[in-house]
Q: 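I have a structure I would like to understand better, so I am pasting it below and will then ask my questions one at a time.
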Amino acid sequence: MGSGLSARLAAVVDALPIEAGMRVLEIGCGPGAAAREVARRVGAKGSVLAIDRSATAVAQAEAACAAEIAAGWLRVRQAAVEEFEAAEGEGPFDLVFAVRVGALDGRYPEAGRRALERIAAVLAPGGRVFVDGGDPLRELVVRE
């Protein structure tokens, strides 16, 4: 695979309803492989913000995604989803996704409640949220 994605991550990215020009938020980006592929798919009119609570992961993603960052398609920053706030020029997001994020997979219910509040605050009208745990994804409803 030229994209450098594992089979599992490729299945996740393929399952996302990505359209050119979308604004996408990836929560828990790790070394940035999925963010890089999503940035390629949304194209120059779209954008991806990839966040991770780990400074190490953010540094890895910045290195791996240097070309996409330089092109202005991708931004990476350190943030925990349960404390996330969009900065100037970020969002609202049309699509939010997360893979293996404890606050969103039920492992930490209180962090999960706060995370869903933070996501709802930055989601565009009609925006959609997907997490792993389905086949391969499941959609979360973050606002009624």
Side-chain angles (χ1 to χ4, degrees), residues 1-108 111-140 142-143:
M1 237 177 288
S3 65
L5 289 181
S6 67
R8 181 168 181 271
L9 268 186
V12 164
V13 172
D14 286 345
L16 291 168
I18 298 169
E19 296 176 21
M22 277 185 154
R23 292 163 305 207
V24 180
L25 172 64
E26 182 184 7
I27 299 164
C29 65
R36 194 168 54 249
E37 179 60 18
V38 171
R40 189 185 68 74
R41 294 184 188 195
V42 298
K45 290 188 174 17
S47 64
V48 175
L49 173 63
I51 66 169
D52 202 292
R53 70 177 61 242
S54 160
T56 300
V58 167
Q60 290 171 333
E62 287 173 338
C65 302
E68 293 80 6
I69 292 168
W73 300 352
L74 177 63
R75 294 176 67 184
V76 180
R77 72 176 167 98
Q78 186 175 357
V81 64
E82 62 271 21
E83 298 161 8
F84 176 71
E85 291 187 14
E88 184 74 30
E90 295 175 346
F93 298 99
D94 304 303
L95 181 64
V96 177
F97 76 101
V99 176
R100 291 189 177 157
V101 173
L104 296 172
D105 68 9
R107 284 183 277 170
Y108 306 102
R113 185 189 61 72
R114 292 195 321 267
L116 292 177
E117 289 172 358
R118 302 307 329 137
I119 293 167
V122 298
L123 197 63
R128 299 174 72 189
V129 180
F130 292 89
V131 298
D132 56 335
D135 188 20
L137 293 170
R138 62 190 172 97
E139 187 165 1
L140 297 181
V142 297
R143 28 170 125 112

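The structure presented is a predicted model; accordingly, all values stated were derived computationally and were not measured.
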Q: Taking only residues at least two apart or on different chains, which pairs with a member in residues 19-32 satisfy side-chain hydrogen bond (donor to acceptor under 3.5 Å, both in side chains)?
A: Arg23-Asp94

Q: Begin with the C-alpha distance, continue with both residues' side-chain angles, and end with the deciding distance and a verdict on side-chain contact (heavy atoms from CB on, under 4.5 Å) for Ile27 and Ile119.
A: CA-CA 10 Å; Ile27 299 164; Ile119 293 167; 3.6 Å; yes

Q: Check side chain to side chain donor-acceptor pair (under 3.5 Å) between Arg114 and all other residues, then give those that pass, not counting sequence neighbours.
A: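 With neighbours one apart ignored, the set is empty.
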
Q: Looking only at heavy atoms, which two atoms of Pro31 and Ala64 are closest? And how far apart?
A: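 Here Pro31 and Ala64 meet closest at O-CB, 3.6 Å.
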
Q: Which pair of non-hydrogen atoms, one from Cys29 and one from Ala61, has the smallest distance, and what is that distance?
A: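 Taking Cys29 first and Ala61 second, the nearest heavy atoms are SG-CB, 4.2 Å.
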
Q: For a quick test of reading the model, state the closest non-hydrogen atom pair linking Ala79 to Phe84 and the distance between them.
A: CB-CD1, 4.2 Å

Q: Partners of Ala59 by side-chain contact (heavy atoms from CB on, under 4.5 Å), sequence neighbours excluded?
A: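 Expected list: none.
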
Q: Under the rule for side-chain contact (heavy atoms from CB on, under 4.5 Å), what residues qualify as partners of Arg100, not counting sequence neighbours?
A: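 Partners of Arg100 by the side-chain contact (heavy atoms from CB on, under 4.5 Å) criterion, ordered by chain and then number, come out as Arg8, Asp132.
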
Q: Quick one, Val48 with Val42, criterion side-chain contact (heavy atoms from CB on, under 4.5 Å). Give me CA distance, side-chain angles, the key distance, then yes/no.
A: CA-CA 8 Å; Val48 175; Val42 298; 4.2 Å; yes

Q: List for me each residue that meets side chain to side chain donor-acceptor pair (under 3.5 Å) alongside Gln78, sequence neighbours excluded, and say none if there are none.
A: none

Q: Let me see the working for Val131 and Val96 under side-chain contact (heavy atoms from CB on, under 4.5 Å), right down to the final yes or no.
A: CA-CA 9 Å; Val131 298; Val96 177; over 6 Å; no

Q: Between Glu85 and Arg118, what is the shortest heavy-atom contact and its length?
A: CG-NH2, 3.5 Å

Q: With sequence neighbours left out, write down each residue that passes side-chain contact (heavy atoms from CB on, under 4.5 Å) with Ala15, or none if nothing qualifies.
A: Pro136, Leu137

Q: Once side-chain hydrogen bond (donor to acceptor under 3.5 Å, both in side chains) is applied, what residue pairs with a partner in residues 45-72 remain, sequence neighbours excluded?
A: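 Residue pairs with at least one partner in residues 45-72: Arg53-Glu82.
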
Q: If I take atom CZ from residue Arg138 and atom CG from residue Asp135, how far apart are they, to the nearest 0.5 angstrom?
A: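 It is 13.0 Å, given to the nearest 0.5 Å.
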
Q: For Arg77, which residues count as a side chain to side chain donor-acceptor pair (under 3.5 Å) partner, sequence neighbours excluded?
A: Glu90

Q: Tell me every residue that passes salt bridge (Lys or Arg N to Asp or Glu O under 4.0 Å) with Glu117, counting only those two or more places apart in sequence or in another chain.
A: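 Glu117 satisfies salt bridge (Lys or Arg N to Asp or Glu O under 4.0 Å) with Arg113 once adjacent residues are dropped.
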
Q: Of the non-hydrogen atoms in Arg128 and Pro17, which two are nearest, and what is the gap between them?
A: NH1-CG, 3.8 Å

Q: Can you name the side-chain contact (heavy atoms from CB on, under 4.5 Å) partners of Arg41, sequence neighbours left out?
A: Val13, Asp14, Ile18, Glu37

Q: Do you know which two heavy atoms are closest between Phe93 and Leu123, and how far apart they sit?
A: O-CD1, 3.4 Å

